[in-house]
Visitor: 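Following this message is one structure expressed as structure tokens.
Just so it is clear, the structure is predicted and the values come from calculations on it, not from any experiment.
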Amino acid sequence: MHKKKHKRPWPVFIAIILAVIFGTWIGKDATVFGISLYATFDVLGTIFLNALTLVVVPLVSSSIITGIARIGKEGGFGRLGGKMFAFYFSTSLVAILIGLFFVNVINPGASHISPPSSGTELQELTALKESIGHKEGSTLVNVLISIVPSNVLAAFSHGEMLGLIFFSLLFGYSISKIEDGPAKALQDFFQGVFQTMIQVTHVIMKVLPLGVFCLVTKVFMTTGVSSLAAVALFTITVLLALATFMLGAMSFLLKFIARVSPIRHFKAMAPALVTAFSTSSSSATLPITIDCVEKRAGVSNKICSLVIPLGTSINMSGSALYECVAAMYIAQAYGIDLSFSTQFIIVFMALITSVGVAGIPSASLVAIIIILKVIGLPAEGIGLFIAVDRLLDMCRTTVNVFSDSCCAVLVARSEKETGILTTDDFEF
Ligand code: ASP
């Protein structure tokens, strides 16, 4: 029988490699016919990001409503929720401990004994601190408050993920408790919205290589190799820890607990992983994550609709790891005593604050400042690694998305779902 020939993911990977070379080579000030290339890539990249973000609210709400309406009828909400939170908590803790291990062994801060001191350096940092300082209050208490929005339309229009998820959960659950006739009509309607939004996501994915190219080129136009050199040890520590978590711990769970092929899972999630890498935003990647987990990995809508949107909002394993390594690095650089209790506080705070980290670029910086305050270090400390934050953000966002997808597969396997990762012959 004739076997359908599928496209391979090369265009996106080639786009990333070309973007790294091109961006580093031309630098920020390059122009063509007097037009700034940086501004051009910025505009095109923003249009691509907007297109992805555009899908998030209708896709997430319809996905949760249809999934939960089904769970409400069949039961098992508490069991699924319990498994999901156990996964989020334990994997974030493992991620942090892996980070802690590498930062203690490599000790990157020892080579960076000069905290920022020059005038311009301090000025830049003060501006940065001010720009993100006002968001600090939004991490802990306000996260709790934002779970229950007072105005659902406002939550939808501002894309407030936790409020949107809460309302959709409540709405979907309530559908399962009303009369069969109207319940079916509503379920069919939201199922239709969901399928349509997945279709819209597929259309946007047609320009994925171009969008990825613009976003990555823009990053590399401003992040030169020289900025990497100054914080090379820190960068290596973060990358090693993230890779150990993703390729070691997560792959172990997939292989020995979920009993699926980690390589297949990587292939199934490839479009979402490259999107996370180039956008540095797990929220913007959400439509593609849902598409990959359901359509390529084969997880049911019932599980995917619960695990992926919630995971995108609160399960930030990569960010938690980064927060721990960054706080430890600054503490090492400032030469403070890293006793067991200080390290314990850093681990604990990284675990707690990562829940409040938003799925947007550089969101971890706010959490790191909070940790620095708790251990008595100045917020200026983030200036030690700010030059490489965006690059590392690309990597930790990829890990955040990957961890959510592993959770979906694990929960689905524990619920005895069949048909998960049975093929790796995907279109891309
Ligand atoms: N950019 C990350 C994300 O979207 C959050 C962070 O760590 O800054 O998942």
Visitor: Does NZ or CZ of Lys218 fall inside the cone over Phe41's six-membered ring, less than 6.0 Å from its centre and within 45° of the axis?
Guide: no
Visitor: Looking only at heavy atoms, which two atoms of Thr312 and Asp404 are closest? And how far apart?
Guide: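 Looking at all heavy atoms of both residues, the closest pair is N-OD2, 3.4 Å.
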Visitor: Would you say that more than 12 heavy atoms from the other residues, nucleotides or ligands in this model lie under 6.0 Å from the CZ of Phe266, or not?
Guide: yes
Visitor: Does atom OH of Tyr173 have more than 12 heavy-atom neighbours, drawn from other residues, nucleotides or ligands, at distances under 6.0 Å?
Guide: no
Visitor: Using a 4.5 Å cut-off on heavy atoms from C-beta on, say whether the side chain of Phe234 contacts that of Leu392.
Guide: yes
Visitor: Angle class for the Phe22/Trp25 ring planes (parallel below 30°, perpendicular above 60°, tilted otherwise)?
Guide: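 The rings of Phe22 and Trp25 sit tilted, inter-plane angle from 30° to 60°.
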Visitor: Yes or no on side chain to side chain contact (heavy atoms under 4.5 Å, CB included) for Tyr329 and Leu233, after CA distance, side-chain angles and deciding distance?
Guide: CA-CA 10 Å; Tyr329 170 67; Leu233 262 191; over 6 Å; no
Visitor: Given 3.5 Å as the limit, does a donor-acceptor pair link the side chain of Ser281 with the main chain of Gly359, or not?
Guide: yes
Visitor: Given the rule in the side chain to side chain contact (heavy atoms under 4.5 Å, CB included) test, do Ser61 and Phe167 qualify, once you have shown the distances and angles that lead to the verdict?
Guide: CA-CA 8 Å; Ser61 49; Phe167 178 77; over 6 Å; no
Visitor: Testing the basics here: between Ser278 and Met394, what is the closest heavy-atom pair and its distance to 0.1 Å?
Guide: CA-CE, 4.4 Å
Visitor: Please name the pair of heavy atoms, one in Gly99 and one in Ala241, separated by the smallest distance, quoted to 0.1 Å.
Guide: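 Here Gly99 and Ala241 meet closest at CA-CB, 3.9 Å.
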Visitor: Would you say the side chain of Val307 lies within less than 4.5 Å of the side chain of Val299, judging by non-hydrogen atoms?
Guide: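 Val299 does not reach Val307 side chain to side chain.
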Visitor: If you take all heavy atoms of Ala284 and Thr53, which pair is closest and at what distance?
Guide: CB-OG1, 4.1 Å
Visitor: How long is the straight-line distance from OG of Ser92 back to CZ of Phe89, given to the nearest 0.5 Å?
Guide: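 If we round to the nearest 0.5 Å, Phe89:CZ and Ser92:OG are 9.0 Å apart.
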Visitor: Can you give me the closest heavy-atom contact between Ser283 and Val56, atom names plus distance?
Guide: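 Closest approach of Ser283 to Val56, heavy atoms only: O-CG2, 3.4 Å.
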Visitor: With rounding to the nearest 0.5 angstrom, report the CG to CD distance, Asp291 to Gln199.
Guide: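 Reported value, rounded in 0.5 Å steps: 9.0 Å.
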Visitor: I need the Asn315 CG to Leu310 CG distance, nearest 0.5 Å.
Guide: 10.0 Å
Visitor: Hey, is the main chain of Leu421 close enough, under 3.5 Å, to the side chain of Arg264 for a donor-acceptor pair?
Guide: yes
Visitor: Over all heavy atoms of both residues, which pair between Ser403 and Phe245 is shortest? Give the atoms and the distance, please.
Guide: CB-CE2, 4.4 Å
Visitor: If we count only N and O atoms by modelled type, under 3.5 Å, do the side chains of Gln187 and Thr66 hold a donor and an acceptor together?
Guide: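 Distance-only check fails for Gln187 and Thr66.
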Visitor: Do Thr397 and Asp393 have side-chain N/O donor and acceptor atoms under 3.5 Å apart?
Guide: yes
Visitor: More than 12 heavy atoms of other residues, nucleotides or ligands under 6.0 Å from CD1 of Ile336: yes or no?
Guide: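 Correct, the count exceeds 12.
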Visitor: How about Met246 and Ser251: do any of their side-chain heavy atoms sit closer than 4.5 Å?
Guide: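 Side-chain contact under 4.5 Å: no.
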Visitor: May I ask you to decide whether Glu417 forms a salt bridge with Lys302, counting only side-chain N to carboxylate O separations under 4.0 Å?
Guide: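 A salt bridge is absent here (no side-chain N lies under 4.0 Å from a carboxylate O).
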